Amino acid sequence: MGATYVDVTIRNPADATKSWTGSFLVDTGAFDSLVPREHLEAIGLKPKGQREYRLADGKRTAYEITTADIEFEGELVGGTIVYGEDGSVPLLGVTALESGGFEVDPRAEKLNRLPAVLLCSMQLTAPRRANQQPKSNLRLPSVNGGAVH
């Protein structure tokens, strides 16, 4: 089994005409995606903060992050992008994969589309009084073990 690569376009959400496309290594061990800094700066993205990551060797390192539109295999998702060192291999992380509805087939070295699943459905009715909460068929546990209605 080899590595899975996919063509990905990173778009600046403030200006969709600014984008960069590259071949990304699909990394199911990484939560977020990683793009070399030079490409993020070229499309006008700026760091929005820092996050600490644990690397494969166990070392913890803080990296700058931003958010961007991530397009691959005909899907467009929003996601957190890590500023990688210039020249580093771009990585497509598992949150982008899951948001796009994909899983990795390591034997075929490709992505497979998953069926879309709606986790819960809520049927809300309009409240009769201003202080009355809408009812739903969703039951959530409360602190004391009862249900929220």
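Everything numeric in this text was worked out from a predicted model, so none of it was measured.
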**Message:** Main chain of F31, side chain of T95: is a donor-acceptor contact present, judged purely on distance under 3.5 Å?
**Reply:**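 Checking the backbone N and O of F31 against the side chain of T95, a donor-acceptor pair under 3.5 Å is found.
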**Request:** Determine yes or no for a side-chain-to-main-chain donor-acceptor pair under 3.5 angstrom, with R113 supplying the side chain and E73 the backbone.
**Result:**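 Side chain of R113 to backbone of E73: a pair is present.
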Could you grab the distance from atom [atom1] of [X] to atom [atom2] of [Y], nearest 0.5 Å is fine?
{"X": "E98", "Y": "E103", "atom1": "CD", "atom2": "CD", "answer": "10.5 Å"}
{"X": "L92", "Y": "I70", "atom1": "CG", "atom2": "CD1", "answer": "7.0 Å"}
{"X": "N112", "Y": "D105", "atom1": "CG", "atom2": "CG", "answer": "5.0 Å"}
{"X": "H39", "Y": "E41", "atom1": "NE2", "atom2": "CD", "answer": "11.0 Å"}
{"X": "R54", "Y": "T61", "atom1": "CZ", "atom2": "OG1", "answer": "11.5 Å"}

Could you tell me whether the side chain of [Y] reaches within less than 4.5 Å of the side chain of [X], counting heavy atoms only?
{"X": "V104", "Y": "L111", "value": "yes"}
{"X": "L45", "Y": "P13", "value": "yes"}
{"X": "R51", "Y": "V82", "value": "no"}
{"X": "P90", "Y": "P36", "value": "yes"}

Minimum heavy-atom separation for [X] to [Y], with atom names?
{"X": "G93", "Y": "S33", "result": "N-OG, 3.1 Å"}
{"X": "T66", "Y": "K46", "result": "OG1-O, 2.9 Å"}
{"X": "A3", "Y": "L25", "result": "CB-CD1, 3.5 Å"}
{"X": "I81", "Y": "A68", "result": "CG1-CB, 3.9 Å"}
{"X": "A16", "Y": "R11", "result": "O-NH1, 3.5 Å"}
{"X": "E75", "Y": "G100", "result": "CG-O, 3.6 Å"}

**Prompt:** What residues, two or more places apart in sequence or in another chain, satisfy salt bridge (charged side-chain N to carboxylate O under 4.0 Å, His left out) together with E38?
**Reply:**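 Result, salt bridge (charged side-chain N to carboxylate O under 4.0 Å, His left out) vs E38: none returned.
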**Prompt:** Which residues satisfy the salt bridge (charged side-chain N to carboxylate O under 4.0 Å, His left out) test with R60, sequence neighbours excluded?
**Reply:**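 Residues passing salt bridge (charged side-chain N to carboxylate O under 4.0 Å, His left out) with R60: E52.
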**Message:** Which residue is it: V94, V8, T4, L91? I am looking for the one with a side-chain contact (heavy atoms from CB on, under 4.5 Å) to V26.
**Reply:**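 Considering V94, V8, T4, L91, a side-chain contact (heavy atoms from CB on, under 4.5 Å) with V26 is found only for T4.
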Determine whether [X] and [Y] fall in the same hydrophobic cluster, where Ile, Leu, Val, Met, Phe, Trp and Tyr are linked whenever their side-chain heavy atoms lie under 4.5 Å apart.
{"X": "L34", "Y": "W20", "result": "no"}
{"X": "L40", "Y": "L76", "result": "no"}
{"X": "F24", "Y": "I43", "result": "yes"}

**ring-ring contact (aromatic ring centres under 6.0 Å, His included) pairs, two or more places apart, involving residues 54-111** =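 Non-adjacent pairs meeting ring-ring contact (aromatic ring centres under 6.0 Å, His included): F72-F102.
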